[in-house]
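Have a look at the structure below, then the notes.
If you read the sequence from its start, that first residue is 1, and numbering goes on from there.
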Amino acid sequence: MIVRMMKYDLVLFAGQKNDFLQKLQDLGLVDITVRGWEPDEKERELMVSIDRHRAAVSRLRVMAGDEEIKSAVPYPSGEEAYEAYVKASTAEDNLTAQIAQGRKDLEYLGKWGGFSPEKIAELESTGVKLRFFHAYTKEFDSHFDEWNDQYLVYPVSVSEGMTWFVVVTTPGAEVLINAQEDRAPEMTYAEKETEIEQLVAERDALKATIRRAAASVDLIAEHGAAEQELLHLEQAAGSGSDAAEGTLAVLEGWATAETAGKVDAMLADYPNLFYIKSDPTPDDEPPVMLRNNRFNRMFEIIGGFYSLPRYGTLDLTPFFGPFYVLFFGLCLADAGYGLIFFILGLVMRGKVKPELRPAVSLVTLCGLSTMICGTFLGSFFGIQLADIEWFGDFRNYILSPDNMFALALGLGVIQILFGMCLKVVNLSRQFGFRYSLATLGWIIVLVAGLVCYALGSMGYEQYGFGSTAFWIAAGIGLFMMFFLNSPGKNPFVNFGAGLWNTYNHITGIIGDVLSYIRLFAIGLSGGILASVFNQLALGLSPDIPVLRQISIILILTIGHGITLFMSTLSAFVHPMRLTFVEFYGNAGFEATQRAFNPLKRNKAQTPA
């Protein structure tokens, strides 16, 4: 359900604007429309800081469950924790890069053993120059005698088909050999090892700071929220318009109808303020806030991946939710996989924060749907229930692929017709019933055609397409489609628009219905893939006691893990696609990007 909003047009002295907005922030009930705001340098820095807070919280949340972090002492404030984390994290990244480079250098020094830079320099001061080369071992072996006749050549090590060797010459002398010259070792292998150990120790010390920050992750999140609220206040302060040569400030605000009384009381007490309270008009763009019951609230997560409904239209969340759960079950289509999700949801429910419980409830419900659908589709971890005699007469109720195909198309027709019915309601609410008559005509024609087709297929030819009842219903529907699609316009204009709309609707509806075949295809492919891994586990395992059982368990674990991941991804995405494209399209969904976001103050802490 979309919460009803009230509009406030506010006029006050420009010098009172900042103080007034802070009062609204304390109240926490009014959303100020942001128009014409351009961030300055300070506000851009604030935006960057907010993004970095989010990144920090995201990383630290992952770490927060470790036992070492649970025992760490939190910082006294979110600001201190965040600053300590940023410094430690930046230093840790630098040290990690140095350690990675150090290990590459260590690998290089390992080719040369214990050459000391000091000794190399000392030899050069006495007129002996060491130059370092490497070449393919075959090349080195074939030219060793030739090179050694011209210079003093000493092989040092052989690694990965390469020979690393030293040429002893004099400073400034030219060495002409077909090999790659390397830089002289800057330190010994042992010295580089010591250096890396020191870097690792420094990094480990920084991890203690990061663990403290992870123990303070809630404080960091609160500090980030406070900065977000400060930015919101700056946006509101930079919005609105001026009047009376800049003496007055004009703002537009929104509040829910339920809290409007509190807002009215605050505005009435504020000095030198004039305001007009009104209901939204069709020309307005009110912010949107959804309020649904406990069951429907879990589907707001799915709808949030697309967009909020425009104010004044229907909230489709309660209407697509049951379809989504059913479609998820049909796509995953294995009772064993559904059991995993169901148990996972029950276990997680008591371990997550209240704001995550709708998501956990959705996981549990989708698991239950998959268990039911998977049972009637005859699959349990890829085991075909229809082949097990123990299930007796229940095997007669397992759907065949042909029945599953028909079910997928049938569900598509039902959801599309349901969406069209919602479009009738939506248009009637917004513009009046007469603007929905063309859509209602389509529903009449489609329902009449489906009913007559079903009755004719059942042997009741007298009620088929040739019946009087069908032609009456079709005639009424066609008249509404062709002559009532644009109320108030010329009949010829209506007829022309009706022809064009008919072409678009016919091609669109056929494509929409065919899209639901994916329910059949995805569910069938997942079951087949699971069954194939079962056969591989039995067929590829050796006939050796213990080893056979280990092989079977290993193949089943990996195989079903892959299948579960791929099938779950498909079961999550494709029902969502059917919702946002086919169902939303036929229900006349109109989107908005503006959510109700009132000015408010973080009670825990506010940045200075």
Side-chain angles (χ1 to χ4, degrees), residues 2-47 49-50 224-291 307-313 590-603 606-608:
I2 299 175
V3 175
R4 183 186 168 205
M5 293 287 164
M6 300 301 297
K7 178 182 178 183
Y8 289 87
D9 291 301
L10 308 160
V11 182
L12 69 161
F13 287 115
Q16 296 177 289
K17 186 176 181 181
N18 288 336
D19 177 73
F20 174 68
L21 291 174
Q22 288 177 12
K23 292 291 193 296
L24 290 182
Q25 192 178 41
D26 291 333
L27 185 64
L29 299 175
V30 180
D31 182 331
I32 296 295
T33 301
V34 176
R35 291 196 186 102
W37 173 74
E38 290 291 338
D40 57 23
E41 186 63 29
K42 178 183 176 182
E43 290 162 348
R44 279 192 286 268
E45 291 177 358
L46 190 57
M47 294 167 69
S49 177
I50 290 168
E227 289 198 340
Q228 179 66 59
E229 289 156 13
L230 178 60
L231 177 64
H232 193 188
L233 182 63
E234 296 292 338
Q235 290 175 323
S239 300
S241 58
D242 297 330
E245 299 181 350
T247 306
L248 300 178
V250 181
L251 299 171
E252 179 184 273
W254 298 90
T256 64
E258 298 135 352
T259 61
K262 295 180 180 179
V263 176
D264 293 343
M266 180 265 176
L267 297 179
D269 291 339
Y270 197 83
N272 303 319
L273 172 71
F274 173 77
Y275 73 93
I276 298 174
K277 176 183 175 183
S278 61
D279 286 311
T281 67
D283 295 330
D284 291 322
E285 188 181 352
V288 174
M289 176 180 177
L290 301 182
R291 179 174 295 141
S307 174
L308 290 169
R310 188 173 67 82
Y311 186 86
T313 63
E590 297 180 56
T592 184
Q593 298 300 322
R594 187 179 177 191
F596 181 66
N597 185 22
L599 287 172
K600 57 186 177 181
R601 191 182 300 280
N602 188 312
K603 303 301 180 183
T606 302

Next on the checklist: Please check this pair: side chain of S307 against backbone of T592, looking for a donor-acceptor N/O pair closer than 3.5 Å.
Outcome noted: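 Checking the backbone N and O of T592 against the side chain of S307, a donor-acceptor pair under 3.5 Å is found.
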Checklist entry - Are the side chain of Q16 and the backbone of P271 linked by a donor-acceptor contact shorter than 3.5 Å? => result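 Judged by distance alone, yes, a pair lies under 3.5 Å.
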List the atom of [X], the atom of [Y], and the distance in Å for their closest heavy-atom pair.
X	Y	value
A236	L251	O-CD2, 4.3 Å
G253	V30	CA-CG1, 4.1 Å
L231	E43	CD1-O, 4.2 Å
P280	P286	CB-CG, 3.6 Å
L308	A595	CD1-CB, 3.4 Å
P39	R44	O-NH1, 2.9 Å

Checklist entry - If you measure only the distance, is there a donor-acceptor pair under 3.5 Å linking the side chains of E227 and S49? => result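 On atom types as modelled, these side chains qualify, holding a pair under 3.5 Å.
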Checklist entry - Side chains of R35 and S241: do they bring a donor and an acceptor to under 3.5 Å? => result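 The answer is no; no qualifying pair exists.
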Gap between atom [atom2] of [Y] and atom [atom1] of [X] - 0.5 Å precision:
X	Y	atom1	atom2	value
H232	L46	NE2	CG	12.5 Å
R594	W254	CZ	CH2	7.5 Å
I276	E252	CD1	CD	12.0 Å
N18	Q25	CG	CD	11.0 Å
L21	L27	CG	CG	12.5 Å
M5	Y311	CE	OH	7.0 Å

Checklist entry - Would E45 and K42 count as a salt bridge (Lys or Arg N to Asp or Glu O under 4.0 Å) if you check the C-alpha gap in whole Å, the side-chain angles of each, and the deciding distance to 0.1 Å? => result CA-CA 5 Å; E45 291 177 358; K42 178 183 176 182; over 6 Å; no
Determine whether [X] and [Y] make a side-chain contact, defined as any pair of heavy atoms from C-beta on separated by less than 4.5 Å.
X	Y	result
D279	R4	yes
D19	Y270	yes
L290	P309	yes

Item to check | salt bridge (charged side-chain N to carboxylate O under 4.0 Å, His left out) involving E38 - partner list, sequence neighbours excluded | outcome: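 For E38 there are no salt bridge (charged side-chain N to carboxylate O under 4.0 Å, His left out) partners, ignoring immediate neighbours.
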Item to check | Partners passing salt bridge (charged side-chain N to carboxylate O under 4.0 Å, His left out) against E285 (at least two apart in sequence or in another chain) | outcome: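 With neighbours one apart ignored, the set is empty.
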Under 3.5 Å, which donor-acceptor pairs link side chains of residues 6-15 to any protein atom two or more places apart or in another chain?
residue, atom, partner, partner atom, Å
K7, NZ, D284, OD1, 3.0
Y8, OH, A260, O, 3.3
Y8, OH, D264, OD1, 2.7

Checklist entry - Is there a side-chain contact (heavy atoms from CB on, under 4.5 Å) between V3 and E258 once you walk through the steps? => result CA-CA 9 Å; V3 175; E258 298 135 352; 4.1 Å; yes
Item to check | Test side-chain contact (heavy atoms from CB on, under 4.5 Å) applied to Q22 and R601, step by step | outcome: CA-CA 9 Å; Q22 288 177 12; R601 191 182 300 280; 4.1 Å; yes
